[in-house]
Amino acid sequence: MSLDNVAINADYSWDAGERARLLQSPSVVTVQEPRRFASGTTPAGAVFIVVNAALGAGLLNFPAAFSAAGGITAGISLQLVLLLFIISGLVILAYCADACSERTYQEVVRGVCGRHAGVLCEILIAVYTFGTCIAFFIIIGDQLDKLLSAMMHNAVGGSIPWYADRKFTITVTGLLFILPLSLPREISVQKYASFLSVLGTCYVTVIVIVRCIWPSSVIPTRDIPSSPSTWLAVFNAVPTICFGFQCHVSSVPVYGSMQQQDIKRWGYIVTVAMFIALCVYTGTGVCGFLLFGSDVDQDVLLSFPSDDVAVAVARAFIILCVLTSYPILHYCGR
């Protein structure tokens, strides 16, 4: 055995980032075949999980984002530009996951950028998932408050029964629905709940479109700007739109759970998923903005009459969407 081989074997635990770079070295000619698994997530299931990870309660903020951007043209253009970077980022993450043979976002960062960057990424993901999951509970409580108030016809500031108190409703919702969905060890299980969630968000979009075409009550004339006041105003909508399409942390586990892990196939999957999300967000944003103009609330459903039954059902579907999005993000944090 040569001294070079002994040195290599003795230092086999080199930095993961160096290992990833060696895998991509031009001196090593390899033909990587797509990895196949007998059980795993189908392409259709992967599409629904990615769409569900992207869609959420942020859907309700898109009409206000279009108003902040200065109109429909600016809002749609901003979405298309950002989608180019978002889809490219999702494909690059899958490519790096293959190069490092890892299945989580933080492990991919560790493999490509080194141990210190990986530890920092783990901390940031823990903080991000913890904070976002708390925000999901707050959204569930807010939506349940409005839904129960509409069902019981309670006046603002009036007394509510104990079973309608948000502390009780959030606790029951967490124990009965979120906890069972968060227990599975594989993310592929979430494809069934994600399918229902996508249908629910589509219902919300359909309701906003229908109310824009056929209003249930007389809507006063609104100020509908056709262009941004300044070019900087367009960037007011960037945080909302970026958050709306953000699913990068969840995308790596989804790719790792697929039956056939192939970059080209993954590119098709994320493109279809982002196109579905684009249609849902654009339909809600455009019609909500045309209906209420610059007076639209941050939560577009609040701009509708409180006694509108179809809108109340839409609010229930938003709760369903958040319920099914929580386990996906919880899986990444866990």
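As the structure is a computational prediction, the values presented were derived from the model and not from experiment. Atoms considered below: every heavy atom in the structure, side chains included; atoms not considered: hydrogens, waters and symmetry mates.
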**Request:** Would you give the length of the straight line joining atom OH of Tyr255 to atom CG of Asp262, rounded to the nearest 0.5 angstrom?
**Result:** 6.5 Å
**Prompt:** Got a donor-acceptor contact below 3.5 angstrom from the Thr205 side chain to the Thr201 backbone?
**Reply:** yes
**Message:** Below 30° counts as parallel, above 60° as perpendicular, anything between as tilted: where do the rings of Phe292 and Phe304 land?
**Reply:** perpendicular
**Message:** Testing the basics here: between Ser250 and Ile187, what is the closest heavy-atom pair and its distance to 0.1 Å?
**Reply:** O-CD1, 4.4 Å
**Prompt:** Between Glu122 and Arg110, is there a salt bridge with N-O shorter than 4.0 Å?
**Reply:** yes
**Asked** For atom CZ of Phe317, is the number of surrounding heavy atoms from other residues, nucleotides or ligands below 6.0 Å larger than 12?
**Response** yes
**Complete:** dist Phe85:CZ -> Leu90:CG (nearest 0.5 Å) comes out at 13.5 Å
**Prompt:** Do Ile241 and Phe62 have side-chain heavy atoms sitting under 4.5 Å apart?
**Reply:** yes
**Asked** Is any side-chain heavy atom of Tyr163 closer than 4.5 Å to a side-chain heavy atom of Val172?
**Response** no
**Request:** Take the angle between the ring planes of Phe66 and Phe289 and call it parallel below 30°, perpendicular above 60°, tilted in between.
**Result:** tilted
**Message:** Would the distance check show the side chain of Thr324 and the main-chain N or O of Cys321 forming a donor-acceptor pair, the cut-off being under 3.5 Å?
**Reply:** yes
**Message:** Salt bridge or not between Asp299 and Arg315? Use side-chain N to carboxylate O under 4.0 Å.
**Reply:** yes
**Asked** From His330 NE2 over to Cys133 SG, what is the distance, rounded to the nearest 0.5 angstrom?
**Response** 6.5 Å
**Prompt:** Closest heavy-atom contact between Pro253 and Cys332?
**Reply:** CG-SG, 4.2 Å
**Request:** Show your reasoning for whether side-chain hydrogen bond (donor to acceptor under 3.5 Å, both in side chains) applies to Thr240 and Asn61.
**Result:** CA-CA 7 Å; Thr240 299; Asn61 303 125; 5.8 Å; no
**Asked** Does the side chain of Asp142 come within less than 4.5 Å of Arg166's, by heavy atoms?
**Response** yes
**Message:** Looking at Val254, is its backbone amide N or carbonyl O close enough to the side chain of Ser257 to form a donor-acceptor pair, meaning the two atoms are under 3.5 Å apart?
**Reply:** yes
**Side-chain (Arg103) to main-chain (Gly256) donor-acceptor, under 3.5 angstrom** = yes
**Message:** Any heavy-atom pair between the side chains of Leu329 and Ser325 that's under 4.5 Å?
**Reply:** no
**Pairwise distance CG(Leu181) to OH(Tyr192) - rounded to 0.5 angstrom** = 13.5 Å
**Message:** Please check this pair: side chain of Arg334 against backbone of Ser182, looking for a donor-acceptor N/O pair closer than 3.5 Å.
**Reply:** yes
**Item:** Ile49 side, atom CD1; Met258 side, atom CE - distance, nearest 0.5 Å
**Value:** 10.0 Å
**Test ring pair (Phe, Tyr, Trp, His ring centres under 6.0 Å) applied to Trp162 - qualifying residues, sequence neighbours left out** = Phe168
**Request:** Could you check if a side-chain atom of Ser194 sits within less than 4.5 angstrom of a side-chain atom of Ile328, using non-hydrogen atoms only?
**Result:** yes
**Asked** Hey, which of Leu93, Asp98, Val50, Thr271 is the one that makes side chain to side chain contact (heavy atoms under 4.5 Å, CB included) with Trp266?
**Response** Val50
**Message:** I want to check something: taking the side chain as every heavy atom from C-beta on, are Tyr128 and Gln246 in contact at a cut-off of under 4.5 Å?
**Reply:** yes
**Asked** Ring centroid separation for Tyr326 and Phe177, is it under 6.0 angstrom?
**Response** no
**Request:** Please examine the side chains of Leu60 and Val204, heavy atoms only from C-beta on, and report whether any two atoms are closer than 4.5 Å.
**Result:** yes
**Request:** Find out whether Leu291 and Arg211 are in side-chain contact, i.e. whether some heavy atom of one side chain is under 4.5 Å from a heavy atom of the other.
**Result:** yes
**Item:** Backbone N/O of Ala74 and side chain of Ser77: donor-acceptor pair under 3.5 Å
**Value:** no
**Prompt:** Hey, are Ser67 and Ser294 close enough side-chain-wise for a donor-acceptor pair under 3.5 Å?
**Reply:** no
**Prompt:** Which is it for Thr282 and Gln79 under the side-chain hydrogen bond (donor to acceptor under 3.5 Å, both in side chains) test, yes or no, and what are the steps along the way?
**Reply:** CA-CA 9 Å; Thr282 302; Gln79 284 187 97; 3.2 Å; yes
**Asked** Which distance, rounded to the nearest 0.5 Å, do you find between the CG of Leu320 and the CG of Leu199?
**Response** 9.5 Å
**Prompt:** Of all heavy-atom pairs between Val208 and Gly288, which one has the smallest distance, and what is that distance?
**Reply:** CG1-N, 3.6 Å
